[in-house]
Peer 1: 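Attaching a single structure in structure tokens format; questions to follow.
No experiment lies behind these values; they were computed from the predicted model shown.
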Amino acid sequence: MILQSDALTNLSNKQRNLFLGIFLDLVGMLTYLVPVFGELADTIWAPLAAFMLSYMYKGSIGKVGGIIEFLEEILPFSDFIPTFTLTWIYTYVIKSQEDNNLKELQ
């Protein structure tokens, strides 16, 4: 029963991170709507987005993702990169496949 509860919690975190990540990527892209104001808004959004990404994903994935998110938001014309969604794909698709492959080898 405990394993089933952990699996449900993990699934709900996985879904929450996906939907929240897509939403936050869209918020980051909204700055394209207002050309001059958008780049100014990025100076405020960049540290907030970096903090949120590092909070959503613990450990080195969150730290590296937060740095990449900050750079992506602060650099001009790079807001189109969906860093939150790419971090989700890395965490829940690529890394979980690598973890499963390692378990099979043991």
Peer 1: With a 3.5 Å distance limit and no angle check, can you tell me whether Trp88 reaches the backbone of Lys14 through a side-chain donor-acceptor pair?
Peer 2: yes

Peer 1: Check whether any side-chain heavy atom of Glu73 lies under 4.5 Å from a side-chain heavy atom of Thr43, and answer yes or no.
Peer 2: no

Peer 1: Please check: side-chain N/O of Ser78 versus main-chain N/O of Glu72, any donor-acceptor pairing under 3.5 Å?
Peer 2: yes

Peer 1: Can you find a heavy atom in the side chain of Thr91 that is under 4.5 Å from one in the side chain of Tyr57?
Peer 2: yes

Peer 1: Do Met56 and Thr87 touch side chain to side chain, with heavy atoms closer than 4.5 Å?
Peer 2: no

Peer 1: Can you find a pair of side-chain heavy atoms, one from Phe80 and one from Asp25, that are under 4.5 Å apart?
Peer 2: no

Peer 1: Can you measure from CG (Asn13) to CG (Leu18) and round to the nearest 0.5 angstrom?
Peer 2: 12.5 Å

Peer 1: To the nearest 0.5 Å, how far apart are CG in Asn17 and OG in Ser12?
Peer 2: 9.5 Å

Peer 1: Starting from the C-alpha separation in whole Å, work towards a yes-or-no answer on side chain to side chain contact (heavy atoms under 4.5 Å, CB included) for Phe84 and Ile22.
Peer 2: CA-CA 7 Å; Phe84 281 94; Ile22 291 171; over 6 Å; no

Peer 1: Below 4.5 Å, heavy atoms only, C-beta onward: do Asp42 and Ile74 meet side chain to side chain?
Peer 2: no

Peer 1: Using modelled atom types only, decide if a donor and an acceptor are shared between the side chain of Asp79 and the backbone of Met29 within a distance under 3.5 Å.
Peer 2: no

Peer 1: Would you please name every residue forming a side-chain contact (heavy atoms from CB on, under 4.5 Å) with Leu30, sequence neighbours left out?
Peer 2: Leu33

Peer 1: Please round to the nearest 0.5 Å and tell me the distance separating atom CD1 of Ile61 and atom OH of Tyr90.
Peer 2: 5.0 Å

Peer 1: Applying side-chain contact (heavy atoms from CB on, under 4.5 Å), name anything that partners Ile67, two or more places apart in sequence or on another chain.
Peer 2: Leu71

